[in-house]
Structures are given as structure tokens and as C-alpha cells.
Amino acid sequence: FRTWRELLEIEPLPLAGFPEGHTVYEHLFMEVWVPKYVSCLSSVSLRDPQPLILLLDIWSNYLTPHIHIHLEKVVIIPALHAEVDFWDPLKDTLPLHYWIHPWLPFMQRSLDLIFPVIRQKLSAALQHWHPSDPSAYHVIKPWNGVFSQGEFSAFIATAICPKLNIAMQQLVIDPNN
């Protein structure tokens, strides 16, 4: 396949079945390889992303920008979004960052589309949280540096700070104790 790439990376003639702007190489890749990757995606758990990421890594030298963008926007992000929609931070035992963070090197900007849902679900889960429970810290800390600084600060300000404020107001400070 590598041998033929050079000859296939030509602009296609305006023929039926060749999307405008895609090379013959990209068309062939999209018609044959991408459906196989989609099949792999549907046959493994997204909560164990290593096999899918390894496959992407192995084939990364063959993926043109068009193919990579297509995989992100049309295949992987919708599948991850559906899995995040299904995720329940109060019941699931596998932390979300275990299966979302491995994708960051491949598609940080596209994952930004899923982050609002993650913040919303975390915020909802924190409604009944008390600051004496350290579990929230361990769930939230991995997202520092992943969410933008502004988004992370806003999340902390709305989901954590009010609870910490109440807890601090209840502190009894006595210089004699």
C-alpha cells in the first residue's frame, strides 16, 4: 500500500464516486480502510481505548489530513459522545479520564466538543457532594489542564466553590483549641 501511495495521491478526475477535493488515495482509503476501522470501533469497548488508539497510531503515517478529520468528526467523536452520554459519574466505577484522556494526543480540539457534556454531568453529580468527601477531588483533578483554563475555573467556581464556602462558614475557629 505504501508503494502505491505516491501514484494514488493525484487529484481525481471529476468522476462519479470521487468526492471533490479528495485524491484517489483518500477515496480508496475512505472506501476500504475507514469502514474496517468503524467495524473495529463497534466491536470493542470505548472504555478500553488502547486497541483503537494503537491501530490509529500504527496507521497514522497513512492518514492524510482529510482522512484524519473524517475519522475524528464522523466516526470517533460521535461514538465517544454517545458513550459519554451513557456515562454516569455516580455509578460508573471506571473514571472517565481513564478512557477519554488517551485520545487527547490524537484529537484534543475535537474532544472539546464533548467537554461541555462532561462538565455538566460532573456538576450534576456534585449537587449532593460534601467537601468532607475527598472523592470529588480525585474525579476533578485529572481535568485540570485538559479543559481550558477559563472553562476549568468557571466549573470550579460554580460546582465546587459554593460548597467549600458553606463548609468554611461552618468552621469553628477558636484560638484556645
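Note that the numbering runs from 1 along the sequence shown for the chain. Source: prediction; values computed, not measured.
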Chemist: What residues form a side-chain hydrogen bond (donor to acceptor under 3.5 Å, both in side chains) with S60, not counting sequence neighbours?
Modeler: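 Here no residue qualifies.
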
Chemist: Using a 4.5 Å cut-off on heavy atoms from C-beta on, say whether the side chain of P95 contacts that of V139.
Modeler: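 SC-SC contact between V139 and P95 ruled out.
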
Chemist: Between L56 and I76, is there a side-chain heavy-atom distance shorter than 4.5 Å?
Modeler: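 Counting from C-beta outward, I76 and L56 do come under 4.5 Å.
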
Chemist: Classify the side-chain pair Q120/S123 by whether it contains a donor and acceptor separated by less than 3.5 Å.
Modeler: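 On atom types as modelled, these side chains do not qualify, holding no pair under 3.5 Å.
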
Chemist: Search all heavy atoms of Y62 against all heavy atoms of I67 and return the closest pair with its distance.
Modeler: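 Nearest heavy atoms, Y62 then I67: O-CD1, 4.3 Å.
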
Chemist: Does the side chain of P89 come within less than 4.5 Å of L96's, by heavy atoms?
Modeler: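 They are not in contact (no side-chain heavy atoms under 4.5 Å apart), so the answer is no.
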
Chemist: Are the side chains of D57 and F106 in contact, using a 4.5 Å heavy-atom criterion?
Modeler: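 Yes - at least one pair of side-chain heavy atoms lies under 4.5 Å apart.
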
Chemist: Given side chains that start at C-beta, do those of W143 and R119 come closer than 4.5 Å, heavy atoms only?
Modeler: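 Contact flag for W143/R119 side chains = no.
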
Chemist: Do the non-hydrogen side-chain atoms of T23 and L28 ever get within less than 4.5 Å of each other?
Modeler: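 No, every pair of side-chain atoms sits at 4.5 Å or beyond.
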
Chemist: Measure the acute angle between the ring planes of W59 and W33, then classify it against the limits of 30° and 60° as parallel, tilted or perpendicular.
Modeler: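 Ring orientation of W59 relative to W33: tilted.
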
Chemist: Count I, L, V, M, F, W, Y as connected when their side-chain heavy atoms are under 4.5 Å apart, and connections chain through other members. Are L90 and F155 then in the same cluster?
Modeler: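 Different clusters: L90 never reaches F155 through Ile, Leu, Val, Met, Phe, Trp or Tyr contacts under 4.5 Å.
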
Chemist: Does any non-hydrogen side-chain atom of Q108 lie less than 4.5 Å from one of W103?
Modeler: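 A side-chain contact is absent here, since even the closest heavy-atom pair is not under 4.5 Å.
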
Chemist: Taking all non-hydrogen atoms of both residues into account, name the closest pair between L122 and W87 and its distance.
Modeler: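 Closest approach of L122 to W87: CD2-CH2, 3.7 Å.
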
Chemist: Hydrophobic cluster membership, with links at side-chain heavy-atom distances under 4.5 Å among I/L/V/M/F/W/Y: are I69 and L80 in one?
Modeler: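 In one cluster: no.
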
Chemist: Membership question, hydrophobic clusters at under 4.5 Å side-chain separation (ILVMFWY): are L104 and I118 in the same one?
Modeler: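 Yes, it is one cluster - the side chains of I118 and L104 are joined through contacts under 4.5 Å.
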
Chemist: Angle between ring planes, F147 versus F152, binned at 30° and 60°: parallel, tilted or perpendicular?
Modeler: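 Rings of F147 and F152: tilted, 30 to 60°.
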
Chemist: Any Lys/Arg nitrogen of D88 or K121 sitting under 4.0 Å from an Asp/Glu carboxylate oxygen of the other?
Modeler: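 No, this pair does not count.
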
Chemist: What's the verdict on side-chain contact (heavy atoms from CB on, under 4.5 Å) for S148 and E151, showing C-alpha distance, side-chain angles and the deciding distance?
Modeler: CA-CA 5 Å; S148 74; E151 291 166 340; 3.1 Å; yes

Chemist: Show every ring-ring contact (aromatic ring centres under 6.0 Å, His included) that has at least one partner inside residues 116-136, sequence neighbours left out.
Modeler: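 Pairs touching residues 116-136 that pass the test: none.
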
Chemist: Counting C-beta onward and ignoring hydrogens, is there a side-chain heavy-atom pair between F86 and L46 closer than 4.5 Å?
Modeler: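 SC-SC contact between F86 and L46 ruled out.
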
